[in-house]
Number of protein chains: 4
Amino acid sequence: MSEKSSKRHIDPALAEARREQVLTAASDCFRRKGYHGAGMAEISKMAGMSAGHIYNYFASKEAIIEAIIENGMEEMFSTFQQFEDHPEDLVTAMLSGTDNGVARKLDKDYGAMQLEMLAEAARNQKVACLLQRSDTQAREKMREVLTSERSLIKDMTDKELDGRINVIFSLFSGLLLRRALYPELQKDTILIALKPALKTLLLPFEQGCG
Amino acid sequence: MSEKSSKRHIDPALAEARREQVLTAASDCFRRKGYHGAGMAEISKMAGMSAGHIYNYFASKEAIIEAIIENGMEEMFSTFQQFEDHPEDLVTAMLSGTDNGVARKLDKDYGAMQLEMLAEAARNQKVACLLQRSDTQAREKMREVLTSERSLIKDMTDKELDGRINVIFSLFSGLLLRRALYPELQKDTILIALKPALKTLLLPFEQGCG
Amino acid sequence: MSEKSSKRHIDPALAEARREQVLTAASDCFRRKGYHGAGMAEISKMAGMSAGHIYNYFASKEAIIEAIIENGMEEMFSTFQQFEDHPEDLVTAMLSGTDNGVARKLDKDYGAMQLEMLAEAARNQKVACLLQRSDTQAREKMREVLTSERSLIKDMTDKELDGRINVIFSLFSGLLLRRALYPELQKDTILIALKPALKTLLLPFEQGCG
Amino acid sequence: MSEKSSKRHIDPALAEARREQVLTAASDCFRRKGYHGAGMAEISKMAGMSAGHIYNYFASKEAIIEAIIENGMEEMFSTFQQFEDHPEDLVTAMLSGTDNGVARKLDKDYGAMQLEMLAEAARNQKVACLLQRSDTQAREKMREVLTSERSLIKDMTDKELDGRINVIFSLFSGLLLRRALYPELQKDTILIALKPALKTLLLPFEQGCG
DNA sequence: GATGAATGAGCTTTCATTCAT
DNA sequence: GATGAATGAAAGCTCATTCAT
């Protein structure tokens, strides 16, 4: 659970700065070489400190990727935050938010790191749990949005709601793989088809799609 | 780089059989343990030959996974093959094929290996090329289907077509990540929302979606 | 329990020879540097093989010292074997056997290795168990000798017998420490006092010692 | 080699107090974890000062154990001190003192540390010298006792005296090893046989032992 | 063709020690 | 005097790869 080494530091600001150095360096290394391919030696060199010293801030290499994931979780939630802030109707809000979402998924570095973590999750229970926890929270936030007063599909069965949410998430996270498999693909090309699909998923199915 | 050892074999048929033994064994090991988790010792035991002997057929461990990807390309995108075989109308065909597609994406070991390959593509040019080539072929096959006579959207701009195809692919491949992030998710829950979304993507957008 | 790596070897004679090489080298290193002070690199160099290769014969560094102990146990039993082989009366037999026993305890290398193992036993449960098992077997062998027909103290209480055996063992094993603390001490000087003490411990106490 | 750091201290009394803090803490740690098992971090925490600061008082970790041995010498062999203080006859005095001696030798932590030092002596000349010097002093003290007027064996050859002293020491120090090899052994069981053996060693051999 | 013994570079991690503050 | 951040040289161990047979 606790990704931090239990060592006490006299200057917490310095310690936090050092932790950030390590996380930044490690993210970069993992992205380029993968979790298993990146060695502590390389990470330490890039972080500008000795390998041994890293262990004053992180208990293990595994603790480093866990911290990276936890950092990433907060960022993910900001995506959903904007839906609540918008006073407009939900479909419009979500569609306008989509632009940013697509751009992020198609970013090479962001995507590589996400894929690396997902692949690691298949073999590493701890990593899997962190990612699943994060995903569950994101789905719950989404459920709140979709069942709020202004939602047009607020009176759905739980199961249908679950299906819709997961397909929406699938749609977005699948873009990660598009980037890997078709790097030249442009955001606006995607949006041509993504917006109608999303609209379908945010409105009652019967409505006009017979 | 080259996935085959350049060694000449006196009995090419035997050599090919041996290569198959190795690929079969390695696929199984990689699926269960991951690329990094599976060792040559384990692969060689399962392939029924010595570890050293494998190097008469493959230049390296990396060459093995490259060969697996190459072999696996057809299967990987065979989901779309069946669309051509069906004489019915396209939407129906695709929806009926969806069942199998979803099931496969939700299989744990299959998904883990796919993710591992995709993550590897982010840092291994050879792997990336193989996967991209495979994806390109699949998209072209899809394009043929969607522009065939029986398609309802055969008169689209290339760009819109490209967008639709990529979003459809996104939708399916995103399920890989759903499996990793939400293992309890059931196929039928997904289908509730997946089918309407797919229908939207296979019909003209104006038609009934305001 | 099993001190051997589970790896199968096609030529057991070669494997056994390699194991011996390692055990000989490791004994020497442990003697000179101690268990913690001797590194696998040094052992492997002295054994004439790579460090990695040692792990084909022993599962860990700990397994090596365990094997050394187990080898030493057999040797220890040969000391007691001679008591049974002698047709003479017990006191004479044991006294004559004492010469060898003293000589061995005073041997520098033998003693250093024994001490190293005993010190390790204080922190390492596995090592402690092996040594204790060995000691228990030795005490039981001794008990058989002392309660055999020709023994003059065969009708003792168990407790007194236990006391005598342990004091005899103490007397001999204490010589290990004499060697460390007083290296110039000669065997014949020891024997002057050791033999009468031993005689006391092998005869009824009342007999003439009032 | 030199157990003290050569650093000059402005307040020698404070420096000495700090040295004692370190030695007390280190003794405790070594006793519980062994020389190799105890780290400077742990010692420094227990000593109430920073790890780095210890190096103002001791040149190295090794210097600490050397100082401990030097400090501990008197206590280590104080068993024999009491013989001089007793006004009674020697055999009685020694036998009564035996109780304490046995108890101490059978104490687990005390014994573990003694063994560790003795093992260390086999490879560390400085440690060996300190221990040998201490042992020599103890043997000389013993020699004085055994050649005092009240001793029954005061007219012995030097060689026989040396033999007797060393066997007596062997007998006691061998108990250290008994504790390691047979932890359940009780003090009273030992004493049953230890006392007669000791008596033999403190009286002329001819007297009643035929 | 086939083996598996053997290598050696690499891994993560630990810890005695140094030194700027 | 005193700190603890920082170092760096090990440590034990793994494993893809090579090669004599």
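Naming: A, B, ... by sequence-line order, numbering from 1 per chain.
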Phosphate OP1/OP2 of F:dG4: any A:R8 side-chain N/O under 4.0 Å: no

note: C:I64, atom CD1; F:dC13, atom P; distance rounded to Å ~ 8 Å

Judged by each residue's nearest nucleotide on DNA chain E, which is more toward the 5′ side, A:G39 or C:D11? C:D11

Please report whether the ring centroid of A:H9 lies less than 6.0 Å from that of A:Y57. yes

Length of the line joining D:M49:CE and F:dA2:P, which is rounded to integer Å: 7 Å

Is any side-chain heavy atom of A:F58 less than 4.5 Å from a side-chain heavy atom of A:R19? yes

Against the side chain of B:S50, the closest entry in F:dG4, F:dA6, E:dA2 is E:dA2

Can a salt bridge be assigned to the pair A:K126 and A:E62 using a cut-off of 4.0 Å between side-chain N and carboxylate O? no

For F:dA5, take OP1 and OP2 only and decide whether either is under 4.0 Å from a side-chain N or O of A:H9. yes

Phosphate-side-chain proximity, C:Y57 and E:dA6, N/O vs OP1/OP2 below 4.0 Å: yes

If every non-hydrogen atom of B:A47 is compared with every non-hydrogen atom of B:Q21, which pair is closest and at what distance? O-NE2, 2.8 Å

Quick check for you: to the nearest 0.5 Å, what is the distance between D:I54 atom CD1 and D:S60 atom OG? 11.5 Å

Using whole Å, what does the distance between atom P of nucleotide E:dA5 and atom CZ of C:R19 come to? 14 Å

Is B:A38 touching bases, backbone alone, or none of the nucleic acid, heavy atoms closer than 4.0 Å? sugar-phosphate

N/O contacts under 3.5 Å, protein versus nucleotides 17-21 of chain F?
{"unit_1": "F:dT17", "atom_1": "OP2", "unit_2": "B:Y55", "atom_2": "OH", "d": "2.6"}
{"unit_1": "F:dT17", "atom_1": "OP2", "unit_2": "B:K61", "atom_2": "N", "d": "2.8"}
{"unit_1": "F:dT17", "atom_1": "O5'", "unit_2": "B:Y55", "atom_2": "OH", "d": "3.3"}

What is the distance from CD1 of D:I43 to P of E:dC15, rounded to the nearest Å? 12 Å

Rounded to the Å, how far apart are C:I54 CD1 and F:dC15 P? 17 Å

For atom CD of D:E42 and atom P of E:dT14, their distance in whole Å: 15 Å

Is it true that B:E116 and A:R123 make a salt bridge, defined as a side-chain N closer than 4.0 Å to a carboxylate O? yes

From CD of D:Q21 across to P of F:dA2 the rounded distance in Å is 9 Å

Taking the side chain from B:E120 and the backbone from B:I65, do they hold a donor-acceptor pair closer than 3.5 Å? no

Is there a side-chain contact between C:I64 and C:M40 in this structure, where contact means two heavy atoms from C-beta onward sitting under 4.5 Å apart? yes

In terms of the nearest nucleotide of DNA chain F, which residue is placed more toward the 5' end: C:G37 or D:I10? D:I10

Rounded off to whole Å, could you give me the NZ-to-P distance for the A:K45 and F:dT7 pair? 14 Å

Go ahead and write out DNA chain E as dot-bracket, 5' to 3': ( ) for pairs within the strand, [ ] for ones crossing earlier pairs, | when the partner sits on another strand, dots for unpaired; Watson-Crick or G-U wobble, both distances under 3.5 Å. .||||||||||||||||||||

Is the positively charged end of A:K61 above the ring of A:Y55, judged by distance under 6.0 angstrom from the centroid and angle within 45° of the axis? no

By side chain to side chain contact (heavy atoms under 4.5 Å, CB included) - contacts of D:S50 (at least two apart): D:H53

